[in-house]
Amino acid sequence: MKYILKIIAVLSLFSINQIDAQQVVKNDTIAGTPLSISMDKRIDDLIGNIEDKCATKTSNTGSGKTWNDDSDSTPRTTTPKIVVPERELSQAEICRRNPRIMGYKIQLAVVKSNEEAREVGMYFRRRFPNMKVEIDASLRPNYKVMAGSYLTKQSAAGDLSKIRQYFKSALAIQYRVFCVEAK
């Protein structure tokens, strides 16, 4: 009898959740692709209210002005605000927003131990004292020895040609760099 009650309780729990949930189809704001979600109607209403608060209101005068005054009875549009910069951002503005970006580093060598990586780094520093050397241990047991920070592969090409005189297998690889350090 206990088992039957447990089974009935579990089945009723699952059936209650299925009754409250419904299939909701929303459109992506940027690409416009449909997205199907199974959720409770109350949650869908809450999300809809938040989207309405983000939507722009347009005046009936045709001036094109937008404002966010909840006391006005003009209908809301369903298009949310998407901010697109009017001009291309400068390098300083990009760095302010994202201090670490995907750039390029010159990979000098991949070695088997930390001691070898330090030796390669010291050898490189003697040849190129103005360039920063970094050891990446994410490929353990191997270590990457990398130098410099560059925004593009083309900006790394000049230093890469000089470095290849000493490190024949050096190549520019995509890597996360500090924006302010990059050339």
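The figures here come from the full heavy-atom set of this structure, side chains too, leaving out hydrogens, waters and symmetry mates. Predicted, not measured: the structure shown is a model, and the values here were computed from it.
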Would you sort out whether Val111 and Glu119 count as a side-chain contact (heavy atoms from CB on, under 4.5 Å), showing the intermediate values? CA-CA 10 Å; Val111 294; Glu119 287 176 17; over 6 Å; no

Test side-chain contact (heavy atoms from CB on, under 4.5 Å) applied to Phe124 and Ile163, step by step: CA-CA 9 Å; Phe124 180 80; Ile163 291 171; 3.8 Å; yes

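Linking ILVMFWY residues whenever their side-chain heavy atoms come closer than 4.5 Å, directly or via other members, places Val120 and Met131 in the same cluster. Put simply, Tyr104 and Leu160 are part of the same group of oily side chains (I, L, V, M, F, W, Y) that touch within less than 4.5 Å, one to the next. Residues Leu171 and Met146 share a single hydrophobic cluster, defined by chaining ILVMFWY side chains whose heavy atoms lie under 4.5 Å apart. Note on Tyr166: it clusters hydrophobically with Ile135, by side-chain heavy-atom contacts below 4.5 Å among ILVMFWY residues. Both Phe128 and Val145 sit in one connected hydrophobic cluster of ILVMFWY residues. Membership requires side-chain heavy atoms under 4.5 Å apart, directly or through other members.
The distance from the CD1 atom of Ile101 to the CZ atom of Arg176 is 9.5 Å, given to the nearest 0.5 Å. Within the model, atoms CD of Gln107 and CZ of Phe167 stand 12.0 Å from one another, a figure rounded to the nearest 0.5 Å. In this structure, the separation between CD1 on Ile173 and NZ on Lys153 is 10.0 Å, given to the nearest 0.5 Å. With rounding to the nearest 0.5 angstrom, the NZ atom of Lys144 is 12.0 Å from the CG atom of Leu108. Between Tyr143 atom OH and Arg118 atom CZ the span is 8.5 Å, to the nearest 0.5 Å. From Ile50, atom CD1 reaches atom CG of Asp45 across 11.5 Å, with rounding to the nearest 0.5 Å.
Between Lys112 and Asn142, some side-chain heavy-atom pair lies under the 4.5 Å cut-off. At least one side-chain heavy atom of Tyr150 sits less than 4.5 Å from a side-chain heavy atom of Asp159.
Of all non-hydrogen atoms in Tyr123 and Arg127, the two that sit nearest each other are CE1-NH2, 2.9 Å. The two residues Ile106 and Ala156 make their nearest non-hydrogen contact at CD1-O, 3.9 Å.
With hydrogens and angles ignored, the 3.5 Å screen pairs no side-chain donor or acceptor of Lys105 with any backbone N or O of Ala147.
Taking Ile7 as the reference, Leu11 meet the side-chain contact (heavy atoms from CB on, under 4.5 Å) condition, with sequence neighbours excluded.
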